[in-house]
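Computed over heavy atoms, backbone and side chain alike; hydrogens, waters and symmetry mates excluded.
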There are 2 protein chains.
Amino acid sequence: MSSRPATKPADAYHHGDLRRALLDAAMGVLEEDPGASLSMRDLARRLGVSHQAPYHYFRDRDALLKALGDAAIGDLLAAQQQAVAAQTDPRERLIALGTAYVDFAATRPRAFELVFDARLCPPDAPSPGRAPLIRANEDLLGRCIADLCATGWRPGADVEATALAMWGTAHGLASLVMGGHIPREAIDGVLRQVV
Amino acid sequence: MSSRPATKPADAYHHGDLRRALLDAAMGVLEEDPGASLSMRDLARRLGVSHQAPYHYFRDRDALLKALGDAAIGDLLAAQQQAVAAQTDPRERLIALGTAYVDFAATRPRAFELVFDARLCPPDAPSPGRAPLIRANEDLLGRCIADLCATGWRPGADVEATALAMWGTAHGLASLVMGGHIPREAIDGVLRQVV
DNA sequence: GGGGCGACTTGACATTGTCAAGACGATAGC
DNA sequence: GCTATCGTCTTGACAATGTCAAGTCGCCCC
């Protein structure tokens, strides 16, 4: 329960980079045990600091969760960019994009939840660091769809509506896989059928 | 905070139907304030009983939540059945089905969450009352798709995969509307484009 | 009319988030 | 070199919560 990771420096009083350590430990806890409720005090215990130390960096529990979500959305974007870059065919690119989205949710379900938790970060008022990442993500999807449309795929389709539909489908499949309602292996076939 | 609804009978000791009252009050709390964490003690206070009374009917907090989810899945199924029954054209039927799904999530977000919360009720081991409802729901979707295929829609499409894709899309749109990421009005157009 | 049992209460405990106030240690100005 | 200051962390308290354990109340049946 009260482990002491190697991040703790020799100086017993001043923790080298407590903020970072808190974020890392928090993400670790959430990912090793989905369903954990992330106690602030437990986190402090793990890092060997007092139960109030975390509050020096995060106003309250939700602030920590929100910061975690900010980091997670960056990871999600990176995973998608990498998947898209590995493909050249527009059709395969779109499929890779969706697969990366679902894989992220399957591999890091709590991170995925954090990204979309409206209670933590209402989408109409995103945190300053989050807004550009959201825009980048939308752009990525929009560009993939536009490229595909340029090849003559489904002529006359509305790019905007198609993007929404694709996002919806990927998001739904991700949620359902995350919840164990459909097996992860089924995804590729479904995505391939959709595009 | 400590209201006393009319369900309390004259008998001060024996509450008429505490189990029902608890479920109703719980759903009421969750729906009047999304984001509430549903305290057992608060619930007991609202019904004017001791803080332990709820535990006579529900082993713990999760058991109550699970029972709430069981009820919610019935409501979701009913809403979809009603929507489908109102349409005759197979195409419109499928759209109505999706719309009902999304509308349920938009109107009763917490109920929707409860239905799909894998921590409360793992889908590979559903509660006895829940299993038939899940099956009925799958059948409803399957029949809608099969009917549509019979009209010559997308010849050669795999019914199974199509059903998964539709479920995924509806679920994703529902989640995104719930989270405020896309406006509810956009749904009809997207659904119509998809089918 | 007494025993049994279902429905509810009282009391206690550990845990949690968070407020308030203090202690420690480096750094800068004199 | 001494001291004031400020960021960093600690100690102590409090109310709320979930939940265990042990009553108490009132009805019903033998």
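A salt bridge is defined here as a Lys NZ or Arg NE, NH1 or NH2 lying under 4.0 Å from an Asp or Glu carboxylate O, and Arg93(B) with Asp89(B) fails to meet this definition. Ion pairing of Glu31(A) with Arg110(A) is absent here, as no side-chain N (NZ or NE/NH1/NH2) approaches a carboxylate O to less than 4.0 Å. The residues Arg119(B) and Glu113(A) are annotated as salt-bridged, a charged nitrogen and a carboxylate oxygen being separated by less than 4.0 angstrom. Here Asp117(B) does not pair with Lys66(B) in a salt bridge; the nearest charged N to carboxylate O distance is not below 4.0 Å. Using a cutoff of 4.0 Å between basic side-chain nitrogens and carboxylate oxygens, Arg143(A) and Asp147(A) are not scored as salt-bridged.
Separation of atoms CG (Leu38(A)) and CG (Leu68(A)) is listed at 7.5 Å; rounding is to 0.5 Å.
The side chain of His56(B) lies closest to dC8(C), out of dC8(C), dG7(D), dT10(D).
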TODO: Between protein and nucleotides 12-19 of chain C, map the contacts as a letter string: B base, S sugar-phosphate only, - none, heavy atoms under 4.0 Å, written 5' to 3'.
DONE: B---SBBB
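Phe58(A) places its CZ atom 12 Å from the P atom of dC9(D), with the value rounded to the nearest Å. In this structure, CZ of Arg19(A) is placed 13 Å from P of dC9(D), rounded to the nearest angstrom.
Taking both residues in full, the closest heavy atoms of Gly168(A) and Leu176(B) are given as CA-CD1, 4.0 Å, listed atom of the first, atom of the second, then distance.
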Using atom names, set out every protein N or O paired with an N or O of nucleotides 3-5 of chain C below 3.5 Å, distance rounded to 0.1 Å.
none

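With sequence neighbours left out, Arg20(B) forms a salt bridge (charged side-chain N to carboxylate O under 4.0 Å, His left out) with Asp24(B).
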